[in-house]
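These notes are about the structure you will find just below.
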Amino acid sequence: MLEKIKKFFENLETDSLEKQSNFLKNLLNQAKEEGKADIAKGNTVDDLKTVQTKYFGKKGLVPDLMRYMGKVSNKDKPLLGKIIHEFKTDLENHLNQIIADIEKAENNAKLEAEKIDITLPGTNTKIGHKHPLTIVEDQIKEIFTNIGYTVVEGYEIEEDYYNFERLNIPKDHPAREMQDTFYLNEDVVLRTHTSPVQARIMDKLCPTLPVKVIAPGKVFRRDDDATHSPMFHQIEGLIVDKNITFADLKGTLLHLVQSVFGEEREIRLRPSFFPFTEPSAEVDVSCGNCNQEGCRVCGYTGWLEILGSGMVHPKVLEMAGYDPKEVSGFAFGLGIERIAMLKYGIDDMRLLFDNDLRFLEQF
Amino acid sequence: MKVTLKWLEYYFKEKLDGKEIENILTKLGLEVENRERLDAKFSKIVVGRIESLEKHLDADKLQICVINVGQSENLQIVTGAQNVFEGMYVPVALVGASIVGGEISESKLRGVPSYGMLCSGTELGIDNSLLSDKEKDGILPLSAELELGMEVSKVFSMNDEILELGLTPNRADCYGIYNVAKEIVLKKDYNLMELEYLEGKRGSDGFSVEIKSPELCHRYIARIVKNVKIETSPLWFANLLRNVGVRPINNIVDITNYVMFELGHPMHAFDYDKLEGSKIVVELAVDGDNFKTLDEQDRKLDSDMLLIKDGVKDVALAGVMGGFNSEVDGNTKNILFEAAHFNSASIRRTSRKLGLRSEASGRFERGLSEDNVLKAMNRAMYLVELLGAGEVDELYYDSYPVVQTIPTIKSSVRRVNSLLGMDIPKDEIVSIYKKLKFKIEEEADSDTLLVTPEAHRIDVQSEIDLVEEIVRIYGYENIPATLPVSTTNTLKVDYNIKLVSQIKSYLADNGFNEIISYSFIDKESYKKCGYDFEGDVRLKVMNPLSETQSYMREKLLPGIIEIASRNYKRQRRNINIFEIGRVYSGTDESLPIENLQLGIFILENELKEWYGKTKNDFYNLKGILERLVAVISNKALRFEKQNDMQTLHPGRSAVILADNEPVGSIGEIHPEVLAMYDIKEKAYYLELDLRAFSEPKIKQYAGLPKYPSIERDMAVILPKEMEYGNIYKVIKDASNNMVVGFRIFDIFEGIQIGNNVKSVALSLTYQNPEKTMTDEEVSQIHNSIVDQLVDKLGARLR
């Protein structure tokens with residue numbers, strides 16, 4: 001083929017390429033076919049590199065052809081350039097395509113060989129769990145911080161004065177019997193509720209308004225059976241500001257209950273008594289187990305008691321330095337264990353303190 | 001407090017529905033904790049008479065009775081009871097009857113057929129405490145006046161419902177059933193019967209009452225009843241008492257109990273002829289004196305206890321229990337009835353000290369109205385006449401040194417509504433006060449009402465008490481639900497609260513389970529854990545539930561390891577647990593210090609996994625700590641060996657220092673401690689004082705390095721005991737601050753390199769913040785580091 005091309009150019013007269021171009025194209029088409037045949041014989045990238053050198057290397061066909069550019073007349077140069085370029089790009093594209101195909105196939109084969117058993121378990125997949133009481137406490141804290149309450153904490157070992165007297169429970173008050181108290185000495189108790197935080201925070205903030213806090217923590221009472229633990233957890237809520245109403249308490253508790261248990265649940269307030277709130281209310285949530293048809297969980301009443309609440313007693317406000325004619329407030333306290341048990345269907349409070357890992361890992 | 005439907009119905013023309021009454025009372029704040037039928041546990045038990053008795057031939061203890069139950073044919077019933085006799089009226093459970101404990105069917109006892117069963121009191125569901133000794137013994141004897149075949153449930157009025165009220169301390173008045181009935185008409189338009197009383201004349205001749213401690217006894221009334229006939233009360237009267245849990249005794253005692261349950265006011269009856277001196281004196285006891293109460297116990301008195309004396313001797317412990325020396329008995333001819341008002345705190349202290357609590361003391365403790373004292377007396381006298389128990393004297397003797405102050409309270413309609421967030425019209429409020437029988441005067445300003453509560457409502461003292469009355473009667477269910485409109489809250493949250501949350505999340509995300517253990521601790525557990533607390537003042541609970549819960553914890557480990565051990569005993573081996581909680585330590589201040597701590601426990605738990613072996617060890621725990629501290633703090637950690645610990649392995653434990661302050665300890669738990677808890681694998685424990693981390697981590701941008709870093713490795717042979725901490729320090733000192741990265745990638749010991757030595761391979765990263773380091777510059781520092789290791793630590797290059 002080289003010979004034929006060489007001959008063609010030797011015989012080519014000046015400025016006559018245009019007339020002869022078909023012949024040249026023909027020759028180059030034949031050369032292209034030969035090239036493709038060479039390519040087709042190659043199986044590996046290496047084989048094809050050899051083909052590449054044969055056509056495009058320094059001594060290959062394409063540089064050879066280019067050398068004739070210097071030999072033809074100026075008029076014929078553009079045409080010749082075009083013909084060579086076409087030949088070159090066609091062959092080159094074809095070759096590159098084949099190389100890419102082979103490379104892809106080789107890569108695929110390599111990846112196929114590298115395959116692993118993706119069904120084996122992952123390594124180091126230990127996961128841990130927060131205690132269910134923490135989960136519930138966090139949830140309730142979040143509900144209240146979202147509506148502008150600040151989380152505060154108090155002492156677990158508290159003065160009798162804050163635990164009782166500041167909550168309108170003087171010594172000898174019959175309400176002291178509602179809570180059997182652990183004493184460290186005559187004046188120091190294990191707090192029986194989170195309510196002393198009310199007095200502590202009001203002391204700190206008075207006369208500033210609002211007082212708007214939520215106070216979680218451990219509390220202690222002398223009781224130990226399937227429904228009582230000598231140590232348990234409460235969350236206290238307190239708001240003191242101008243124009244706080246009993247209706248606001250109801251609305252806030254409805255928001256709490258529906259956030260924790262679901263929008264479909266209802267609440268019922270019942271008159272009750274706490275020395276530090278008046279009016280006071282026990283709050284029940286509609287039983288989610290039976291949709292209020294009555295079942296074992298709710299004692300066939302359709303309602304589950306969940307918290308105590310009320311309007312802050314004027315004496316409690318007064319003792320903190322607030323004027324009950326100017327400001328009002330509400331407070332509530334709920335047992336986290338109780339909420340956790342209802343929320344997760346736990347039937348024995350002792351499970352929460354036994355810390356059996358088979359139990360804890362369910363949360 | 002028990003209330004029966006029949007007792008309540010006694011005051012109404014209308015028939016009451018148990019469920020409805022339960023709802024009404026609960027809505028009013030008198031929570032009904034339980035409601036049940038008294039005869040729920042039995043049926044088909046009738047009155048029978050024993051017509052004849054004969055011994056069972058094959059059994060000494062059995063008798064064959066022929067019983068008349070008012071039907072054409074008598075029944076043959078075999079009984080094992082010994083108190084039966086011919087002509088005795090007995091409860092007979094017919095075939096098919098239910099009794100407490102089962103169902104009755106035809107049976108044969110030692111070959112003799114028996115068509116039913118004779119019943120004891122308990123088989124009818126009557127509590128033993130409600131039966132007299134005679135009644136307790138075998139088959140319950142019934143009155144011979146009963147109609148044969150009558151349902152026994154009717155005899156005892158047990159076709160009744162009992163409501164158990166959980167009364168709040170402010171409603172002591174509702175320990176009187178008539179006051180409960182008054183509550184019902186607040187919600188239901190029923191006709192409440194007015195009670196009948198037998199009034200008298202206040203007298204001063206022939207007898208006197210002297211109160212020497214008026215602060216403890218505001219009022220005392222005595223009234224004499226002559227020519228009494230002590231006998232059992234009529235059945236209807238006894239039944240009322242029995243059904244609320246009081247044992248009928250005799251007509252006189254039953255009357256005092258009845259009044260106590262009806263009006264909530266306790267009374268007492270003395271045998272008048274056993275009193276001397278024609279007077280009653282109320283005064284404090286003499287320290288150390290003895291007094292024999294009705295229950296024949298000798299009680300040691302002190303000078304805080306209030307006594308009733310007759311002018312010669314002590315005759316009753318005021319409000320708590322009467323004296324044995326003045327007890328009413330079968331021979332009593334004349335009675336002195338007492339109705340009084342005693343100081344609630346004083347009664348509580350006395351009954352506490354003596355461990356003597358009664359229905360009476362319970363009511364006095366909760367507080368009563370002085371005004372009601374006369375009512376109680378007059379009601380009792382009415383009952384004496386009603387039951388024909390004796391002749392009531394016209395005179396009564398009343399000492400009333402401290403007159404009850406019944407407040408007149410200003411109640412603003414506007415204030416009621418502004419506090420409730422409601423709009424209750426004035427008329428409605430007035431009508432609520434009227435229902436309550438509170439006296440009202442309207443002020444000219446059309447907003448203020450002057451309200452005077454009924455005497456027995458001693459809980460109503462101030463305006464807020466009236467607000468409560470209005471809303472509970474108006475109905476809590478009618479309160480709208482709104483959300484507060486309040487000013488912006490700028491109170492900042494304490495960082496520690498966030499810190500705890502962050503640590504819990506971090507540890508849970510890293511495979512640790514959170515536990516919560518009790519804040520109480522057994523003193524012994526300190527010893528088991530190797531803590532030496534001998535001689536210290538420990539925080540002790542004065543009245544613990546048990547010895548094992550009698551101290552406030554000063555360490556988390558005892559609680560945590562106990563829980564680990566419990567899980568271990570359940571074959572659990574994957575134990576990665578932590579607790580964050582407060583520990584306490586005593587101070588001279590009034591309150592102890594409460595200190596927030598973190599404890600982490602991991603069990604070694606070596607496991608073969610498909611990808612190799614895994615196990616927990618000291619370095620895992622240390623890594624967790626280092627990462628945790630890097631997350632929460634800028635503080636630099638350092639670990640120092642500490643040898644005097646009994647809790648942790650002396651060769652595998654350290655004190656943790658953060659910025660050179662000790663903040664906790666870490667290490668393998670001492671094998672002796674683990675043995676105390678039956679844990680047979682290695683375990684590791686970390687204790688961290690979170691006070692040291694109560695400042696948030698400060699984040700500050702530093703310029704990015706502009707010049708490349710270069711890594712160089714070295715391997716040095718060092719004495720086997722040489723600690724990494726020393727190597728690190730030498731390198732750091734010699735690095736001229738050009739070493740920015742430092743990694744140990746191999747530690748090797750072996751005979752190839754000699755005895756008592758180890759080879760440590762390190763990779764150092766050099767970087768100069770000012771310029772690109774040349775190879776020569778790096779080599780220079782690298783070599784000087786090697787020189788220093790050789791000089792200071794006796795290293796040689798490998």
Side-chain angles (χ1 to χ4, degrees), chain A residues 120 123 126-131 133-134 138 148-153 155-157 159 172 174-175 178 182-185 187-188 209-210 212-213 218 222 224 230-231 239 241 244-248 250-252 254-255 269-273 278-279 281 311 313-314 328 353 355-357 360-361, chain B residues 26-29 31 168-170 345 348 365-366 419-422 464-465 467-468 471-472 476 479-484 486-487 489 491 493 497 501 504 507-519 539 541-543 545 549 552 563 567 572 575-576 582 584 590-592 594 610-611:
Chain A
L120 274 171
T123 62
K126 278 186 297 189
I127 48 163
H129 307 262
K130 288 185 194 172
H131 196 283
L133 294 175
T134 297
D138 284 350
Y149 286 71
T150 304
V151 183
V152 296
E153 286 179 352
Y155 296 110
E156 290 171 3
I157 301 177
E159 290 170 33
D172 284 323
M178 292 163 83
F182 287 113
Y183 283 88
L184 287 196
N185 62 49
D187 303 316
V188 177
L209 292 173
K212 204 171 175 186
V213 296
K218 291 187 165 80
R222 291 190 80 246
D224 199 358
M231 180 190 90
I239 182 167
D241 203 351
I244 299 296
T245 69
F246 202 40
D248 292 339
K250 192 171 183 180
T252 302
L254 183 65
H255 173 67
L269 270 62
R270 281 183 286 111
S272 187
F273 171 81
E278 188 164 9
M311 299 301 289
H313 198 286
S328 55
F353 295 102
N355 294 290
D356 186 330
L357 285 163
L360 296 177
E361 282 170 347
Chain B
T26 296
K27 276 188 180 173
L28 285 168
E31 188 183 358
T168 52
N170 57 326
R348 179 176 308 113
E365 280 177 24
R366 290 175 172 90
L419 208 57
L420 295 177
M422 297 173 75
I464 195 71
D465 300 323
V467 174
E468 182 184 44
V471 67
R472 89 184 166 94
Y476 276 28
I479 305 164
T482 58
L483 288 170
S486 70
T487 18
N489 177 21
L491 181 64
V493 66
I497 292 168
S501 251
K504 284 183 179 176
L507 289 172
D509 292 347
N510 279 281
F512 292 85
N513 288 308
E514 185 191 3
I515 60 163
I516 296 178
S517 67
Y518 282 140
S519 302
L539 292 168
V541 179
M542 278 168 78
N543 55 340
L545 277 175
Q549 296 184 345
M552 299 309 288
I563 285 164
N567 281 286
R572 178 78 186 206
I575 304 177
N576 296 328
R582 298 191 196 171
Y584 317 89
S590 64
L591 291 180
E594 298 182 12
W610 65 267
Y611 49 90

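The analysis underlying the following values was restricted to heavy atoms, covering all of them including side chains, and did not include hydrogens, waters or symmetry mates. Since this is a predicted model, take the numbers as computed values, not measurements. Residue numbers begin at 1 in each chain, while the letters A, B, ... track the order of the sequences.
- A:Ser328 touches chain B through its side chain: at least one heavy atom from C-beta onward sits under 4.5 Å away, while N, CA, C and O do not.
- Contacts with chain A were tallied for B:Ala508, B:Pro592, B:Ser486; B:Ala508 has the most, counting heavy-atom pairs under 4.5 Å.
- Ranked by heavy-atom pairs under 4.5 Å with chain B, the first of A:Leu269, A:Leu360, A:Ile127, A:Ile157 is A:Ile157.
- The existence of a salt bridge linking B:Glu514 and A:Lys130 is excluded, since no basic side-chain nitrogen approaches an acidic carboxylate oxygen closer than 4.0 Å.
- Of the listed residues (B:Leu507, B:Asn576, B:Ile516, B:Asn510), the greatest number of heavy-atom pairs within a distance under 4.5 Å of chain A belongs to B:Ile516.
- Among B:Arg572, B:Lys504, B:Arg472, the residue with the largest count of heavy-atom pairs under 4.5 Å with chain A is B:Arg572.
- A:Met231 touches chain B through backbone and side chain together, each having a heavy atom under 4.5 Å away.
- Interface remark: of the candidates A:Asp356, A:Ile244, A:Val151, A:Asp356 forms the most heavy-atom pairs closer than 4.5 Å to chain B.
- The part of B:Val471 that comes within reach of chain A is its side chain, from C-beta onward, which places non-hydrogen atoms under 4.5 angstrom from that chain.
- Under a cut-off of 6.0 angstrom, the local environment of OH in B:Tyr584 is crowded, with over 12 non-hydrogen atoms contributed by other residues, nucleotides or ligands.
- Proximity to chain B (any heavy atom under 4.5 Å) is restricted, for A:Pro314, to the side chain, taken from C-beta onward.
- Listed options B:Ile575, B:Ile563, B:Asp509 were ranked by heavy-atom pairs under 4.5 angstrom with chain A; first place goes to B:Ile563.
- Ranking A:Ile239, A:Val152, A:Val213, A:Thr134 against chain B, the residue ahead of the rest is A:Thr134, based on heavy-atom pairs under 4.5 Å.
- With a 4.5 Å cut-off on non-hydrogen atoms, A:Asp248 touches chain B through its backbone and its side chain both.
- A:Leu120 places none of its side-chain heavy atoms less than 4.5 Å from the side chain of B:Tyr611.
- One distance of note links CG of B:Asn489 with CG of A:Leu209; it measures 10.5 Å at 0.5 Å rounding.
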Query raised in the report: Would B:Val541 and A:Tyr183 satisfy side chain to side chain contact (heavy atoms under 4.5 Å, CB included), going step by step from the backbone distance to the final call?
Result: CA-CA 6 Å; B:Val541 179; A:Tyr183 283 88; over 6 Å; no

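- A:Lys212 touches chain B through backbone and side chain together, each having a heavy atom under 4.5 Å away.
- Heavy-atom pairs under 4.5 Å with chain B peak, among A:Asp187, A:Asp138, A:Thr252, at A:Thr252.
- Considering all non-hydrogen atoms of both residues, B:Tyr476 and A:Ala281 come closest at CE2-CB, 3.5 Å.
- Contact count versus chain A (heavy atoms, under 4.5 Å) is highest, among B:Gly421, B:Ser519, B:Gly511, for B:Gly511.
- Using a 4.5 Å cut-off between heavy atoms, B:Asn543 touches chain A through backbone and side chain atoms alike.
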Query raised in the report: Between A:Phe182 and B:Leu545, is a side chain to side chain contact (heavy atoms under 4.5 Å, CB included) present by the stated rule, with each step listed?
Result: CA-CA 9 Å; A:Phe182 287 113; B:Leu545 277 175; 4.0 Å; yes

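- In this structure, the separation between OG1 on A:Thr123 and CH2 on B:Trp610 is 6.5 Å, given to the nearest 0.5 Å.
- Ranked by non-hydrogen atom pairs under 4.5 Å with chain A, the options B:Gln549, B:Glu31, B:Met422 are led by B:Glu31.
- Both the backbone and the side chain of B:Leu419 come within less than 4.5 Å of a heavy atom in chain A.
- Qualifying side-chain contact (heavy atoms from CB on, under 4.5 Å) partners for B:Glu468, counting only residues two or more places apart in sequence or in other chains: A:Glu278, A:Pro279, B:Asn170.
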Query raised in the report: Given the rule in the side chain to side chain contact (heavy atoms under 4.5 Å, CB included) test, do A:Asn355 and A:His131 qualify, once you have shown the distances and angles that lead to the verdict?
Result: CA-CA 9 Å; A:Asn355 294 290; A:His131 196 283; 3.6 Å; yes

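- The part of B:Lys27 that comes within reach of chain A is its backbone (N, CA, C, O), which places non-hydrogen atoms under 4.5 angstrom from that chain.
- Interface remark: of the candidates A:Glu153, A:Glu156, A:Lys126, A:Glu159, A:Glu156 forms the most heavy-atom pairs closer than 4.5 Å to chain B.
- Applying the ring-ring contact (aromatic ring centres under 6.0 Å, His included) rule to A:Phe353 yields the partners B:Tyr518; only residues at least two apart in sequence or on another chain are considered.
- Ranked by heavy-atom pairs shorter than 4.5 Å toward chain B, the options A:Asp241, A:Leu254, A:Asn185 are led by A:Asp241.
- Put simply, the side chain of B:Asn513 gets close to the backbone of A:His129: a donor and an acceptor are under 3.5 Å apart.
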